Amino acid sequence: MPELPEVHTITNDLKKSIIGAQILDVKIDPQYKVIPDNNSFVKLVKGKKITGVSRIAKNILIELENTGILHFHLAMTGRILLRDKKTPDNWTRVVFLLKADNYSRILKFSDMRMFGKVGFYADLAGSNLLKKYGPDLIFATPDLDSFSKAIKNKKSSIKNVLLDQSVVAGLGNIYATEALFLAGIDPSRLSNTLSKDELQKLLTAAITVLNEGIAHRGSTLPDKMYVDIFGNPGSYQEHFKIYLKDKCPRCGSGVLNTKINGRSTYHCPSCQK
DNA sequence: ATGTTTGTTCCGAT
DNA sequence: CATCGGAACAAACA
């Protein structure tokens with residue numbers, strides 16, 4: 001599910017909602033496995049105070065006073081929910097009981113398909129999170145030269161390269177598809193055939209769609225899987241130009257739905273060259 | 001029953 | 001050894 005805009009929205013909302021709270025208790029579904037292991041996780045996290053919330057690429061980090069970092073990756077169907085009272089939520093895997101001076105809340109990690117990850121790390125260095133990412137398209141926008149170099153270094157379709165988080169961090173299947181439409185580039189083009197001008201358009205388009213996604217609090221597809229921490233859907237899906245579309249909004253041509261490296265791709269054969 | 005699905009990692013081929 | 005593409009991870013829905 002979540003690409004950068006969804007993860008960014010969740011991170012910002014958590015930042016406003018849970019900093020200063022103490023984690024009174026942690027419950028893990030015994031069928032579910034966290035890192036390093038369920039027993040150690042509970043021991044390490046229980047009783048700790050939350051001092052910060054941040055995002056690295058599509059990872060959410062909750063900093064705990066003096067002890068370390070809670071790490072969440074939502075993958076395809078992960079959710080983080082903040083509830084005021086006990087509420088039945090599907091696919092709940094880990095539950096944190098939070099207590100602050102003026103409230104008690106329940107923080108839940110839910111994940112239908114269980115591709116996501118929950119872990120505790122004593123520090124960032126132990127987490128691998130610092131190594132594998134290219135520049136964050138929102139926090140550390142690359143300049144054209146470094147973007148070009150990273151893109152041309154790869155031998156694959158431009159769509160596939162945009163999904164490679166070690167090239168640039170943040171795009172997923174939907175926003176990469178939208179960015180390529182906005183830039184007028186055929187997603188199946190080999191990345192090393194793009195001109196400087198096309199790369200500039202693509203970089204600008206990628207940053208634009210991610211910012212618009214954030215402004216609309218993310219995208220919720222027809223399956224309703226993505227919701228924010230309050231359980232509310234995003235609305236950027238109402239502004240998709242090409243993803244899931246039949247007709248090109250620019251020229252009216254039929255949109256082609258193809259697969260590139262196994263991922264569903266939409267493009268206009270007339271507007272994207 | 002079969003084919004889809006917002007992400008990432010691992011493995012075999014090149 | 002590095003890189004790429006496909007399979008796998010697992011669950012629900014049409």
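Since this is a predicted model, take the numbers as computed values, not measurements. Order of the sequence lines fixes the chain letters, A, B, ..., with proteins taken first and strands second; residue numbering starts at 1 for each chain. Basis for what follows: all heavy atoms, side chains included, without hydrogens, waters or symmetry-related copies.
When the salt bridge (Lys or Arg N to Asp or Glu O under 4.0 Å) test is applied to A:K108, the partners found at least two apart in sequence or on another chain are A:D89.
A:K259 comes within 4.0 angstrom of sugar-phosphate atoms only, judged by non-hydrogen atoms across all strands, and of no base. Among the heavy atoms of the strands lying under 4.0 Å from A:M114 are primed sugar atoms or P, OP1, OP2 only; no base atom is included. Using a 4.0 Å heavy-atom criterion, one finds that A:K58 contacts the sugar-phosphate atoms exclusively. A:S219 comes within 4.0 angstrom of no nucleic acid atom, judged by non-hydrogen atoms across all strands. Within 4.0 Å (heavy atoms only), A:G262 reaches no atom of the nucleic acid at all.
Rounded to whole angstrom, the span from the CG atom of A:L221 across to the P atom of C:dA14 amounts to 14 Å. In this structure, A:D111 places its CG atom 13 Å from P of B:dG7, rounding to the nearest Å. Note: OH (A:Y133) to P (B:dT8) measures 6 Å, nearest angstrom. Atom NZ in A:K159 sits roughly 9 Å away from atom P in B:dG7 (whole-Å rounding). Between the CG atom of A:L162 and the C1' atom of B:dG7 there is a distance of 15 Å, rounded to whole Å. Going from atom NZ of A:K131 over to atom P of B:dT8 covers 18 Å, rounded to whole Å. A:N261 places its CG atom 18 Å from the P atom of B:dC10, with the value rounded to the nearest Å.
We find that the ring of A:W91 and the base of C:dA11 do not stack by the test of centres under 5.5 angstrom and planes tilted less than 30°. Ring-base stacking between A:Y226 and B:dT6 is not satisfied when judged by a centre separation under 5.5 Å and a plane angle under 30°.
Checked against a 6.0 Å centroid threshold, the rings of A:H8 and A:F139 count as neighbours.
Closest-nucleotide positions on DNA chain B for A:R113 and A:K117 were compared, and the one nearer the 5' end corresponds to A:R113.
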Take A:K196 and A:D145 through the salt bridge (Lys or Arg N to Asp or Glu O under 4.0 Å) test and state the conclusion after the steps. CA-CA 9 Å; A:K196 205 90 178 171; A:D145 278 348; 3.0 Å; yes

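The separation of B:dT8 from C:dC13, taken at their C1' atoms, amounts to 23 Å, rounded to a whole angstrom. With P as the reference atom, C:dA8 and B:dT2 are 16 Å apart, rounded to whole Å.
In a base pair of the Watson-Crick type (N1 to N3 plus N6-O4 or O6-N4) or a G-U wobble (N1-O2 and O6-N3), with each distance short of 3.5 Å, B:dT6 is matched with no nucleotide. Applying the Watson-Crick and G-U wobble criteria (two distances, each under 3.5 Å), C:dA10 pairs with nothing in any strand.
A:F109 and A:F72 have tilted rings, their planes meeting at an angle from 30° to 60° on a 0 to 90° scale.
Nearest nucleotide to the side chain of A:S156, out of C:dA10, C:dG5, B:dT5: C:dG5. Out of C:dA11, B:dT6, C:dC4, the shortest distance to the side chain of A:N173 is found at B:dT6.
Phosphate contact (OP1/OP2 of C:dA10, side-chain N/O of A:T77, threshold under 4.0 Å): absent. Applying the 4.0 Å criterion to OP1 and OP2 of B:dT8, one finds that A:H73 has a side-chain N or O inside that range. For C:dG5, the OP1/OP2 oxygens have a side-chain nitrogen or oxygen of A:N160 closer than 4.0 Å. Taking only side-chain nitrogens and oxygens, A:Y243 comes nearer than 4.0 Å to OP1 or OP2 of B:dT6. In this model, the phosphate group of B:dG7 is approached by a side-chain N or O of A:R263 to a distance below 4.0 Å at OP1 or OP2.
No option in A:N232, A:N12, A:D13 other than A:D13 meets the side-chain hydrogen bond (donor to acceptor under 3.5 Å, both in side chains) test with A:R217.
Between the side chain of A:Q200 and the backbone N or O of A:D197 there is no donor-acceptor pair closer than 3.5 Å.
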